[in-house]
Amino acid sequence: MLVFVDSYKHKDKHKDKEHRHKDHKKDKERERLKHNSDHRDSDKKHRDKEKLKHKDGSDKPRDKDKYKDKERRKEEKVGKMTKWIKKQRREDRRKTMRQALKIVFTYFVYASACHLSLKFSIIIIIFLIKDIKPKKKTKDKKGDVPDGKKKAKKEPEEKWKWWEEERYTDGVKWRFLEHKGPVFAPPYEPIPGNVRFYYDGKQMKLSPEAEEVATFFAKMLDHEYTTKDIFRKNFFKDWRKEMTPEEKAKITDLSKCNFTEMSVYFKAQSEARKQMSKDEKLKIKEENERVLQEYGFCVMDNHKERIANFRIEPPGLFRGRGDHPKMGMLKRRIRPEDVIVNCSKDSKHPKPPPGTKWKEVRHDNKVTWLVSWNENIQGSIKYIMLNPSSRIKGEKDWQKYETARRLKKCVDRIRNQYREDWKSKEMRIRQRAVALYFIDKLALRAGNEKEEGETADTVGCCSLRVEHINLYPEKDGQEFVVEFDFLGKDSIRYYNKVPVEKRVYKNVQLFMENKQPEDDLFDRLNTSILNKHLQELMDGLTAKVFRTYNASITLQQQLKELTNPDENVPAKILSYNRANRAVAILCNHQRAPPKTFEKSMQTLQTKIDAKKDQLSDARRELKSAKADAKVRRDEKSKRAVEAKKKAVERIEEQLMKLEVQATDREENKQIALGTSKLNYLDPRISVAWCKKWEIPVEKIYNKTQREKFAWAIDMADDDYEF
DNA sequence: ACAACTACTTAGAAAGGCTGAT
DNA sequence: ATCAGCCTTTCTAAGTAGTTGT
């Protein structure tokens, strides 16, 4: 909670903006509440309470220019907004009119065909038209949506700026929560009779239960998973559990099972799906949209918020990452009876599908999830939660970066501290200090201990084993080199050779003494000891804060270093990507090189070559035009020279762009930028950079990312310092 | 002190779908 | 109109870290 005191101080200069904004907003709120007058009394009470909370804050003198500038920007915005709203209303009226005309027309066609009387017709028409408008109103009421959201498919007229409101401080996550519950996986559709399964060369009809599990395997037949022993063993064991006694008796060897017809059938199905007509595709799209509108949103504290994963995971075969001991196991189908629903007491509770019951309905506002269920592979709990653009996720994200910024203020002290601790008499303190040094310097993850045999064998810092490191007194001209080679999260390999300080080197040497390769390097340390220590050094400090801090500070430094003010926009963006890349490398965010990488690189090179040819042609033409102009000395040839010059410049620029693109892509071959961008880089750094160099923020963040980082885009100025 | 449980963030792969070239 | 190639979205596994119970 203390975290926010800080951030609020920082926000002082935004405050006047907030106030003006709020008045405007209040009016809107009032209007909306009028519309929703029948919507839950208690809810309204909360809102009133909330409103009271927001009234505090004082006006402090501040930088005049900035103030003016902001005001101007805001006015522009508001002006645009009203224009937009008006336009929407106009369009709505037109739409209504068109709708009415259509109904009348349709009716008349029908009426004349049926020879109905005019009087009767008029009554009917009046009735029909009357129905157009009220219908909309009921819709608005129901969804608790600021109107315009549904009518206009584009952006709703004004996004809720939750970051300008006060937060809950008492561990309460919400006061009101209403949703429709999860969407369940569609029931199993048996395959047609002509798609057969063979056991030991003979056709065999499977019971629906066994057949369903067989199809899971058949769908994965092309994947190398299905060739792995553990996968096959786990699958077969779980499959047999679904078989009838007869099937069980007969099917005893997986290698005698022939799933090819099923596999071919599913491939044909997906092919057919691709070949569907536009109309059919549109229909599916519309249906998906309908489901999204119904189940994809919830109401949390008076605001409609997007849900991240409203669909319950369908049954299938578990696919772990890396060498997972449980790969191939059957992930069972989740039924309403497995599901716990969380919502507020005074909300309209979601209904379980007809004839079913929820496992439980609870009203716990100390948590953020809407739905949970137990998963059968690891025995863990799965949740349905909100989208990253939601208040509840955004606040937390913002808070995360504020904690990292607080670390920035005391990181020197902490670094000095752990350097001191390398000399400690106590082994546990030295281990702690060395581990922390690695976490800080190399951005390693904390490394919780894991239950053996339950998951793939991966490690983080605290769980490193002797076998994961090698020591070299000297390597490649550097002294005291530690070589790391281990599998980290998602079984991604971490390989790095780092020269370290002598003291660290000696310590590691000592930690490794008299140990087997499979022994823990830090035998006196675990994540909870480390985090407890960190907590003492700074409120809210944990191991992962170092990753966030180092990632963000690296981005900021790299941007300062790499951005060349004289370069054009694409070149600046390349610099941004390079800064981003430096972070991704630090955090070891890797990806499998795209399957089409070589090819796409080649086509790009072809394009570059073609562009080069084009450029030399253009240059030649320019030369001859110049020569021509020298001889002729008339207006026309002069103009021709100018035109050629322009053409050359244009082509030069295009070539530049392509070359930049090629460099960017090549450097990005095995590196994934997305993860750091989404989870480690304070978005305000990027936003500030964009503003400073007048780069449209869309060049850096796509639509989803802009939604997630709306708070940062709104509040960061060009001079923001992490 | 620790193990087990819970809640939430971080992660890469795969699927989906858009777009510009042909 | 089609299709490849790319970016976006979805999916859900795999982490971190706090809490609870023994």
Side-chain angles (χ1 to χ4, degrees), chain A residues 171 173 220 223 225 270 273-275 278 281 284-285 288 292 296 308-314 316 318-322 324 326-327 331 340 342 364 366-369 372 374-375 377-388 392-393 396-397 399-400 439 445-451 454-456 458-463 487-492 526-532 534-535 540-548 551 584 587-592 594-597 599-604 607 661 665 670-680 701-705 707:
Chain A
K173 303 290 170 62
M220 297 174 75
H223 205 288
Y225 272 119
S270 78
R273 228 171 300 130
K274 272 184 217 152
Q275 298 299 320
K278 246 185 197 158
K281 277 184 184 166
I284 291 172
K285 208 175 160 187
N288 281 339
L292 172 71
N309 56 326
F310 56 90
R311 286 173 208 276
I312 284 193
E313 296 171 18
F318 176 78
R319 314 147 83 118
R321 308 274 173 90
H324 201 294
K326 299 198 170 185
M327 64 168 81
K331 206 166 86 164
I340 302 175
N342 193 31
D364 182 355
K366 303 265 200 249
V367 296
T368 68
W369 53 268
S372 76
N374 278 295
E375 161 265 355
I377 305 288
Q378 324 260 8
S380 65
I381 310 168
K382 300 259 186 168
Y383 302 93
I384 290 182
M385 293 184 189
L386 297 195
N387 201 53
I392 211 153
K393 294 288 182 190
K396 201 80 186 297
D397 204 36
Q399 182 183 10
K400 174 181 76 187
I439 284 171
R445 294 188 185 82
N448 282 326
E449 53 271 65
K450 313 165 49 174
E451 217 172 320
E454 294 290 299
T455 58
T458 62
V459 297
C461 184
C462 294
S463 49
L487 296 182
K489 182 176 179 179
D490 292 322
S491 293
I492 298 289
N526 61 40
T527 52
S528 104
I529 294 171
L530 179 65
N531 281 334
K532 234 169 241 154
L534 292 175
Q535 195 59 240
L541 187 61
T542 63
K544 88 186 186 92
V545 179
F546 281 89
R547 235 166 116 81
T548 312
C587 293
N588 200 39
H589 290 142
Q590 298 188 26
R591 61 166 184 178
K595 278 182 210 112
T596 54
F597 186 83
K599 212 167 123 203
S600 83
M601 219 50 214
Q602 235 162 38
T603 45
L604 194 56
K607 264 191 198 165
Q661 200 186 345
R665 194 179 296 175
Q670 303 200 57
I671 297 165
L673 299 186
T675 304
S676 50
K677 207 184 218 179
L678 231 48
N679 300 301
Y680 289 102
Y701 290 139
N702 69 28
K703 189 168 142 276
T704 326
Q705 292 162 341
E707 275 165 14

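The chains referred to below are lettered A, B, ... by the order of the sequence lines, with proteins before strands, and numbering in each begins at 1.
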Partner residues of A:F310 under the ring-ring contact (aromatic ring centres under 6.0 Å, His included) criterion, sequence neighbours left out: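 A:F310 satisfies ring-ring contact (aromatic ring centres under 6.0 Å, His included) with no residue once adjacent residues are dropped.
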Partners passing ring-ring contact (aromatic ring centres under 6.0 Å, His included) against A:Y225 (at least two apart in sequence or in another chain): A:H223, A:F231
Rounded to whole angstrom units, what separation is found between the [atom1] atom of [X] and the [atom2] atom of [N]?
X: A:I340; N: B:dC5; atom1: CD1; atom2: P; value: 14 Å
X: A:N309; N: B:dA7; atom1: CG; atom2: P; value: 15 Å
X: A:R665; N: C:dG5; atom1: CZ; atom2: P; value: 11 Å
X: A:Q378; N: B:dA4; atom1: CD; atom2: P; value: 15 Å
X: A:K599; N: C:dC3; atom1: NZ; atom2: C1'; value: 11 Å

Per-nucleotide pairing state of DNA chain B [Watson-Crick or G-U, under 3.5 Å; [ ] pseudoknot-crossing; | other strand]: ||||||||||||||||||||||
Touch class at under 4.0 angstrom, heavy-atom based, for A:G488 against every strand present: sugar-phosphate
Is the shortest side-chain N/O distance from [X] to OP1 or OP2 of [N] below 4.0 Å?
X: A:N702; N: C:dT8; value: yes
X: A:T368; N: B:dA7; value: no
X: A:T455; N: C:dA14; value: no

Derivation of the side-chain hydrogen bond (donor to acceptor under 3.5 Å, both in side chains) call for A:K450 and A:T458: CA-CA 9 Å; A:K450 313 165 49 174; A:T458 62; 2.5 Å; yes
How would you list, by chain and number, every residue that makes a side-chain contact (heavy atoms from CB on, under 4.5 Å) with [X], sequence neighbours excluded?
X: A:K599; value: none
X: A:K278; value: none
X: A:Q378; value: A:F318, A:H324, A:E375, A:S380, A:T455

Per-nucleotide protein contact string for nucleotides 9-14 of chain B, where B marks a base within reach and S marks sugar-phosphate only (heavy atoms under 4.0 Å, - for neither): SBSBSS
Contact letters for nucleotides 16-22 of chain B, in which S counts primed atoms plus P, OP1 and OP2 and B counts the base, heavy atoms under 4.0 Å: --S----
Residues in salt bridge (Lys or Arg N to Asp or Glu O under 4.0 Å) contact with A:K326, at least two apart in sequence or another chain: A:E454
Residues forming a salt bridge (Lys or Arg N to Asp or Glu O under 4.0 Å) with A:K532, sequence neighbours excluded: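 Once residues adjacent in sequence are excluded, A:K532 has no partner under the salt bridge (Lys or Arg N to Asp or Glu O under 4.0 Å) criterion.
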Output a table of nitrogen or oxygen pairs between the protein and nucleotides 1-3 of chain B separated by less than 3.5 Å.
none

Partners passing side-chain hydrogen bond (donor to acceptor under 3.5 Å, both in side chains) against A:D490 (at least two apart in sequence or in another chain):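 A:D490 satisfies side-chain hydrogen bond (donor to acceptor under 3.5 Å, both in side chains) with A:R321 only.
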